A.B. asks: 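This is the structure I have questions about; it appears just below.
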Amino acid sequence: MQNLNNKTALITGGSKGIGYGIAEAFLAEGMKVAITSRSTAAAQTAAQRLDPDQSGRVLPLAAAVRNYAS
């Protein structure tokens with residue numbers, strides 16, 4: 001297995017479901033993650049759950065992948 005410590009991943013749809021689970025798994029491997037959601041509030045809530053110590057390993061972003069401008 002490759003060492004993922006201190007690598008960064010961008011996870012679309014990271015505020016719930018499969019995306020959230022992927023974010024959890026990557027964090028457990030020592031990675032940093034940026035998670036997106038169409039809702040700023042949902043992204044921030046998920047980031048707080050994923051990183052309750054606010055270590056800065058999770059960056060919540062509001063973005064809709066179908067919308068080029070976002």
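No experiment lies behind these values; they were computed from the predicted model shown.
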A.B. asks: Got a sec, which residues hit side-chain contact (heavy atoms from CB on, under 4.5 Å) with Ala25, two or more places apart in sequence or on another chain?
C.D. replies: none
A.B. asks: Quick one: does any side-chain atom of Asp51 pair with a main-chain N or O of Gly56 as donor and acceptor, under 3.5 Å?
C.D. replies: yes
A.B. asks: Using atom types as modelled, flag every donor-acceptor pair under 3.5 Å from a side chain in residues 59-66 to any protein atom, sequence neighbours excluded.
C.D. replies:
none

A.B. asks: Of all heavy-atom pairs between Ser37 and Ala42, which one has the smallest distance, and what is that distance?
C.D. replies: OG-CB, 3.5 Å
A.B. asks: So, do Leu27 and Val33 sit near enough that their side-chain heavy atoms are less than 4.5 Å apart?
C.D. replies: yes
A.B. asks: Of all heavy-atom pairs between Ala23 and Ile35, which one has the smallest distance, and what is that distance?
C.D. replies: CB-CG2, 4.0 Å
A.B. asks: Considering non-hydrogen atoms only, spot the tightest contact between Asn3 and Asn5 and give its length.
C.D. replies: OD1-N, 2.9 Å
A.B. asks: Can you measure from CD (Gln44) to OG (Ser39) and round to the nearest 0.5 angstrom?
C.D. replies: 8.5 Å
A.B. asks: Testing the basics here: between Met31 and Ala9, what is the closest heavy-atom pair and its distance to 0.1 Å?
C.D. replies: CE-CB, 3.7 Å
A.B. asks: Pick one: which of Ile11, Leu50, Val58 meets side-chain contact (heavy atoms from CB on, under 4.5 Å) with Phe26?
C.D. replies: Ile11
A.B. asks: I need the Glu29 CD to Glu24 CD distance, nearest 0.5 Å.
C.D. replies: 13.0 Å
A.B. asks: For Ser55, is there any backbone N or O sitting under 3.5 Å from a side-chain donor or acceptor partner on Asp53?
C.D. replies: no
A.B. asks: Heavy-atom count around Arg57 CZ within 6.0 Å, excluding the residue itself: above 12?
C.D. replies: yes
A.B. asks: Looking at residues at least two apart in the chain, or sitting in another chain, which of them share a side-chain hydrogen bond (donor to acceptor under 3.5 Å, both in side chains) with Thr36?
C.D. replies: none
